[in-house]
Amino acid sequence: MVAHVPAAGGFEVPLWRAVAVFRVASLAYVCVVLIRDADRYAHPLAATALVLFMALWTAVTAIGYAVPARRGWPLLLADLGVVVAILLATPWVMGRPALDAGLPTLPVAWLSGPVLAWAVCGGRRRGAVAALVLGATDLATRGMVTPTAFNGAILMLLAGVVVGHVARLTVTAGERLHRAVELEAATRERERLARDIHDSVLQVLALVQRRGAHLDGEAGELARLAGEQEMALRSLISGAGPVPAGAADAPVDLRTLLGRHASAAVSLSAPAGPVPLPPAVARELAAAVAAALDNAARHGGGRAWVLVEDEESAVTVSIRDEGPGFPPDRLNEAAAQGRLGVAQAIRGRLTDLGGTARISSTPGAGTEVELTVPRRQP
C-alpha cells in the first residue's frame, strides 16, 4: 500500500502566490500615483519608464519565485538590489521639490515586495534585514525623516517580522504533517500484515511449538525454533513503524529498541504507552540492555526477564535471569584481569548518560541488572 505524502515545502506555495498578488496590486497603486502626480515630477517620461521596468521586474519575480529551485540568494539579492536602485533613482526622477512637498516616493508600497519574499524564504531575521535595508534607503532618498515616512518604515519592518514568523510556522506544520502521514501509512501497513500473519503463520508456529514442546531430539528443537520465530513475528507486528524522514532528532520510543530482544527465552514487560527518550540516550541504554542479555545468555543459559519502568524523573530497565549467579567480588576480579565487558559495555554507558547501573548476583540465585537514566540529561 502506497500513501500519498504531501511535501513539507508545499505549504509555502500559497505564501509565494500571496507575495506575487501583493506585488501586482501594489504595482497597480504605483500606476495610480503616477497618473495623479506625474505633472509634479521633474522627469515624467523617466518616471513612466521606471514604472514599466517595475512591471517587467514584477513578472520576472513572479516566474522566478514560482520555482522552488530558484528561490536562492541570487534572485533574493537581485530583487533587493533592483528595488534599492529604483529608490536611489527616485530623487532625480521626481525632483527634490516634489519630495520636499511630501509626495510619496515612486515605488510606494511596491518596495515591500522583497521584504515579503525574504521573510517567506528565510523567516523573521531575513524579513527584518530586508525591511531595514529598504526602510533606510527610502528615508535617505527623502533627505529628511517625516512622521509618515518613519511610520512606513516601521510598518514594513513589522510586516517582515510577522510574515517571516508565519512562514516558519507554516514550514514546521508541514514537516509535522509529513511525518504524521508517513507514520499513519506505516501503521496501516503493519496492521494489514498483522491480520494476515495472525490468521496463518502465527497460528501454525504456535501449534508446532505446543505440540513439540515436550518432545526430545530434532522434534523438540524444531518446536523451540518455532516458538522463537513466533515471538519474533509478534514483536515485529506490535513494534513501532519506521522513523519518518526528517525526524532524526525526535524522541525515540525505548520499547521499539528493546522489542527486538523479545523471544521465547527473553520476556519483555513495558508500559502500554510510549517511553520517549532522546535518540542517543535510547540507543545507548538499549545497547547496555543488549550487553546484559548477552551475558545472561552466555553465562546463564536460561530464561531472562526485562522490565521497563517509566517514572516522572527517570527510566529504569531491569534485567533478571535464572542463571547460576556469581560471587559479589567476581566483577572486580574480572576488571583487574582486564576483562572490561561489564565495566565498559554496561556501567560505562550508563555513566556517560549520567545514570546508574546496579548489578546484584548470588551464587545459585541468578543475576539482576538495574539500569537507570534520568529524564534530564546532565
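Tested against V289, the residues L257, I346, L254, V317 include a single side chain to side chain contact (heavy atoms under 4.5 Å, CB included) partner, V317.
Within 6.0 Å of CZ on R358 lie more than 12 heavy atoms contributed by other residues, nucleotides or ligands. A 6.0 Å sphere centred on CZ of R168 holds more than 12 heavy atoms belonging to other residues, nucleotides or ligands. Residue R96 qualifies as enclosed at atom CZ: its count of foreign heavy atoms under 6.0 Å is above 12.
Side-chain atoms of C31 and V51, non-hydrogen and from C-beta on, do get closer than 4.5 Å to each other. Side-chain contact check for L277 versus R375: some heavy-atom pair is nearer than 4.5 Å. With a 4.5 Å cut-off on side-chain heavy atoms, L371 and T316 do not count as touching. Using a 4.5 Å heavy-atom threshold, the side chains of R142 and D100 count as separate. A 4.5 Å side-chain heavy-atom check between V266 and R303 finds every atom pair outside the cut-off. Counting heavy atoms from C-beta outward, S112 and F22 have side chains that approach closer than 4.5 Å. With a 4.5 Å cut-off on side-chain heavy atoms, L158 and I154 count as touching.
Scored by the side chain to side chain contact (heavy atoms under 4.5 Å, CB included) test, L268 finds L258, A262, V306, V308 as partners (sequence neighbours excluded). Residues meeting the side chain to side chain contact (heavy atoms under 4.5 Å, CB included) test with R255, sequence neighbours left out: D253, A270, P274, V275.
The backbone N or O of V129 sits nowhere less than 3.5 Å from a side-chain atom of W118 that would complete a donor-acceptor pair. Formation of a donor-acceptor pair under 3.5 Å by the S361 side chain with backbone atoms of G366 is found in this model. Looking only at distances, no side-chain donor or acceptor of D138 sits under 3.5 Å from a matching main-chain atom of L134. Although no hydrogens or angles enter the test, the distance criterion places no donor-acceptor pair under 3.5 Å between the side chain of R320 and the main chain of W305. At distances below 3.5 Å, at least one donor-acceptor pair connects side-chain atoms of H43 with backbone N or O atoms of W92. Looking only at distances, no side-chain donor or acceptor of E368 sits under 3.5 Å from a matching main-chain atom of S360. In this structure, the side chain of D321 engages the main chain of T367 through a donor-acceptor pair within 3.5 Å.
V108 and L103 fall within the same hydrophobic cluster, defined by Ile, Leu, Val, Met, Phe, Trp and Tyr side-chain heavy atoms under 4.5 Å apart, directly or through other members.
Under the 3.5 Å distance criterion, with hydrogens and angles disregarded, a donor-acceptor pair is assigned to the side chains of D79 and W57. Side-chain contact of T141 with T90: a donor-acceptor pair under 3.5 Å is absent, judged by distance alone.
By the 4.0 Å N-to-carboxylate-O rule, R349 lies close enough to E284 to be salt-bridged with it.
Put simply, CG on L34 and OG1 on T48 are 4.5 Å apart, with the number rounded to the nearest 0.5 Å. Atoms CH2 and CZ, from W110 and R23 in turn, are 5.5 Å apart once rounded to the nearest 0.5 Å.
The two residues Y65 and R71 come nearest to each other via the heavy atoms O-NE, 2.6 Å.
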